[in-house]
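Chain identifiers are assigned alphabetically (A, B, ...) following the order of the sequence lines, protein sequences preceding nucleic acid strands; residue numbering begins at 1 within each chain.
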Protein chains: 2
Amino acid sequence: MITFKNIQYNCSMELTLDLIGGKWKSLILWHLGDNALRFSELKKSLPKITQKMLTQQLRELEASGLVNRHIYTQIPPKVEYSLTPDGKSLLPVLETLCQWGLNYANTMEPMDEKNVK
Amino acid sequence: MITFKNIQYNCSMELTLDLIGGKWKSLILWHLGDNALRFSELKKSLPKITQKMLTQQLRELEASGLVNRHIYTQIPPKVEYSLTPDGKSLLPVLETLCQWGLNYANTMEPMDEKNVK
DNA sequence: CAGTATCCACTGTGATACTG
DNA sequence: CAGTATCACAGTGGATACTG
């Protein structure tokens with residue numbers, strides 16, 4: 001049993017899922033990777049997310065200390081998002097996860113050479 | 001771009017999330033670990049899941065080939081769930097993920113010795 | 001450009017009751 | 001014991017309009 005921010009978790013997996021679970025968070029972290037991206041660039045790399053969801057998820061990741069938000073005070077506005085050290089520490093795991101999925105898909109439904117990018 | 005089961009994914013992370021994303025799947029896989037568990041045992045280890053959700057998620061994991069369902073034909077019924085080799089191949093990644101969450105929580109909110117289990 | 005606000009529709013999740 | 005069926009609700013998603 002673990003307590004974090006006054007929430008009780010039965011195992012650390014639950015805690016982890018609260019941080020990076022859900023439909024978008026890990027995807028956002030993954031796409032940020034080592035670069036800083038503007039809101040619009042991030043939006044473009046996640047074609048199916050809505051503006052509302054992207055904003056909301058970024059705020060939550062920021063609150064968890066996994067993402068930095070850097071505002072350039074200019075007109076038109078420019079905001080860049082990047083991973084904090086804590087966020088970056090997650091990249092290797094996400095990489096492995098990604099690789100696992102790719103492997104899995106290939107085992108189940110081997111792709112022709114020509115379809116592989 | 002990846003195509004799997006006629007669904008198009010922009011990156012393999014999306015594919016992975018379709019397989020093990022959502023509120024319960026990775027938690028179920030994690031709790032199964034190396035053992036075979038009966039439905040009721042699994043339910044007990046995931047106190048907050050409803051029977052409906054557990055059944056539903058297990059069916060989906062089974063369809064993905066990550067979980068085996070073994071039925072003992074007897075009365076009262078006994079059904080055991082276990083990880084397939086593909087499912088087991090995910091365990092090391094889940095372990096790392098778990099560890100990451102634990103580490104994160106400890107950095108943010110160091111626990112007293114006495115509270116650590 | 002990078003948001004916020006509002007309204008509405010849809011789906012996932014949950015509570016409860018029932019069954020072979 | 002291991003489910004299925006039904007109903008209700010919250011979170012998510014989409015469209016649109018507006019703003020510093």
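- Residues B/Arg38 and B/Thr55 each lie close to DNA chain D; by heavy-atom proximity, the contact nearer the 5' end of the strand is made by B/Arg38.
- In this structure, B/Asp34 and B/Leu91 have side chains that are in contact, with non-hydrogen atoms separated by less than 4.5 Å.
- Of the nucleotides present, C/dG20 is the one that pairs with D/dC1 by Watson-Crick or G-U wobble criteria, both distances under 3.5 Å.
- No contact: A/Tyr72 has no heavy atom under 4.0 Å from any strand.
- For the pair A/Leu58 CG and C/dT4 C1', the computed distance is 15 Å after rounding to whole Å.
- Atom-to-atom, CE of B/Met53 to C1' of C/dT11 comes out at 10 Å; the value is rounded to the nearest Å.
- Nucleic acid contact class of B/Lys48 (heavy atoms, under 4.0 Å, all strands): none.
- Atoms CD1 (A/Ile75) and C1' (C/dC1) sit 10 Å apart, rounded to a whole Å.
- The side chain of A/Lys52 sits closest to D/dG14 out of D/dG14, C/dT13, D/dT12.
- Side-chain proximity of B/Phe39 to D/dT12, D/dG3, D/dC1: nearest is D/dG3.
- A straight line from CD of A/Gln56 to P of C/dA2 spans 19 Å, rounded to a whole angstrom.
- Rounded to an integer number of Å, the gap from A/Gln51 CD to D/dT19 P is 15 Å.
- The shortest side-chain heavy-atom distance between B/Leu17 and A/Lys23 does not fall under the 4.5 Å cut-off.
- Look at B/Arg59 and you won't find any side-chain N or O under 4.0 angstrom from OP1 or OP2 of D/dA2.
- Between B/Phe39 and B/Tyr81, the two ring planes are tilted [angle within 30° to 60°].
- A side-chain contact (heavy atoms from CB on, under 4.5 Å) with A/Asn68 holds for exactly one of A/Leu32, A/Leu83, A/Leu61, A/Thr84; it is A/Thr84.
- Note on A/Lys43: nothing from the nucleic acid sits closer than 4.0 angstrom, heavy atoms only.
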